[in-house]
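Presented below is the structure to which this report refers.
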Number of protein chains: 2
Amino acid sequence: MITKELTIGELSERSGVAASALRFYEREGLIHSRRTTGNQRRYHRTTLRRVAFIRASQSVGMPLSVIGEVLGFLPADVPPSREFWVRASECWSREINARIEKMERMRDRFTECIGCGCLSFEQCALVNPGDELAGQGPGARRL
Amino acid sequence: MITKELTIGELSERSGVAASALRFYEREGLIHSRRTTGNQRRYHRTTLRRVAFIRASQSVGMPLSVIGEVLGFLPADVPPSREFWVRASECWSREINARIEKMERMRDRFTECIGCGCLSFEQCALVNPGDELAGQGPGARRL
DNA sequence: CCCGGACCTAAACTGCGGTTCATGTCCGAG
DNA sequence: CTCGGACATGAACCGCAGTTTAGGTCCGGG
């Protein structure tokens, strides 16, 4: 086997992702590692691909939890197939499109609200979202 | 003066915003209050409008810090003019449009990346954003 | 054998937008 | 005057996506 394993430092340097982040991803179950007798991490080469996928997905706004779910279908130490990429891409595209549409709806509502001079409670859809518009920004969500 | 002041409970009920949030907004300087001799808050009626503006702006994704900057142009205890709404609306629209465009670019890049079969480091623009794409998702930002 | 750099862990901290809690005060109705 | 509900404060906590810190271990070169 010439498929040399990577230390965390090597994976960090090659991927451009901080070692602390890699350990964090492992805690969250997004990547996996073997341990040496001295308890050090050794990564399979395919982990590089996994990390690439994680970063690419994050850059389009996916939360780690969702990325983790999708990566759950991809067994550890198996190079991701082309089909996997394609399916994931479709999934992400749908998500992004949904978010874009939502933002467009909100923008239109805002200008409409300003235009009509309302922006007071009880009348204004923006102020009283009620429906799926709620819980947009970051902040504490209750379980 | 029949312009009765509001207690925090009244403002909370009328605006639908929790009293804890109203205190928080006040700490952050987004709204203001007078104090009674017993140290209780009394809000000017126009505060209702301010809170409406805050919630509407939040619903389109604006962070409180930016909302606070804009509200800073609006003196306390003065009803916001129509011109103020219009200018704020334009400002927010520009912001939202910028965010939508950014998301569209990212979506396109992602599908392109998947299509070309790359998604590895050094070649992939998604994985190595470098430019304005960086720092998208939530999470700790360093100063 | 010793040294330094790479690695390990757990715990605490970041910023955002608040909520919840503990403890104490105010105020109006009866 | 007393009681309860509304109000006050500061501190701790939530989720997210990590980073930083403190203190300890591993490993290879000289």
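First the proteins, then the strands, lettered A, B, ... as listed; each starts at 1. Model, not experiment: these values are computed from the prediction.
Rounded to whole Å, atom P of C:dG18 lies 11 Å from atom CD1 of B:I31. Summarising the geometry, the separation between CZ on B:R34 and C1' on D:dC7 is reported as 15 Å, rounded to the nearest angstrom. Here the C1' atom of nucleotide D:dG18 and the CZ atom of A:F24 are 6 Å apart, to the nearest Å. The interatomic distance linking A:L30 (CG) with D:dA17 (C1') rounds to 11 Å, in whole Å. We find that CG of B:L11 is positioned 11 Å from P of D:dA8, with the value rounded to whole Å. Between the CD atom of B:E28 and the P atom of C:dT19 there is a distance of 13 Å, given to the nearest Å.
Using a cut-off of 4.0 Å between Lys/Arg side-chain N and Asp/Glu carboxylate O, A:E5 and A:R45 are scored as not salt-bridged. Under the 4.0 Å criterion applied to side-chain N and carboxylate O atoms, A:E10 and A:R14 are not assigned as salt-bridge partners.
With hydrogens and angles ignored, the 3.5 Å screen pairs no side-chain donor or acceptor of B:T47 with any backbone N or O of B:R50. Panel note: side chain A:R34, backbone A:Y43; no donor-acceptor pair is recorded below 3.5 Å. Side-chain atoms of B:S12 come within 3.5 Å of backbone N or O of B:V17 as a donor-acceptor pair. Between the side chain of B:S15 and the main chain of B:L11, a donor-acceptor pair closer than 3.5 Å is present.
Using a 4.0 Å heavy-atom cutoff across all strands shown, B:A19 reaches no nucleic acid atom at all.
Nearest heavy-atom pair across A:A19 and A:I8 is O-CD1, 3.7 Å. Shown here for B:R99 and B:V60, the closest heavy-atom pair between the two residues is NH2-O, 2.7 Å.
The residue among A:A21 and A:T37 whose nearest nucleotide of DNA chain D lies closer to the 5′ end is A:A21. Mapping B:I54 and B:T36 onto DNA chain C by nearest heavy atom places B:I54 at the nucleotide closer to the 5' end.
Residues A:E26 and A:S33 have side chains that bring a donor and an acceptor to within less than 3.5 angstrom of each other.
For D:dC16, the OP1/OP2 oxygens have no side-chain nitrogen or oxygen of A:Q58 closer than 4.0 Å. Residue A:R55 has no polar side-chain atom (N or O) positioned under 4.0 Å from OP1 or OP2 of D:dA17.
Set against C:dT20, D:dA17, C:dG17, the side chain of A:L64 has D:dA17 as its closest nucleotide. Candidate nucleotides D:dT19, C:dT19, C:dG17 were compared by shortest atom distance to the side chain of A:S20, and D:dT19 ranks first.
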Once base and sugar-phosphate atoms are separated, protein heavy atoms under 4.0 Å mark nucleotides 6-11 of chain C, 5' to 3', with B, S and - as -SSB--

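Note that the two end axes of the helix from C:dC1-D:dG30 to C:dG30-D:dC1 enclose an angle of 30°, each drawn from 5 base pairs, rounded to 10 degrees.
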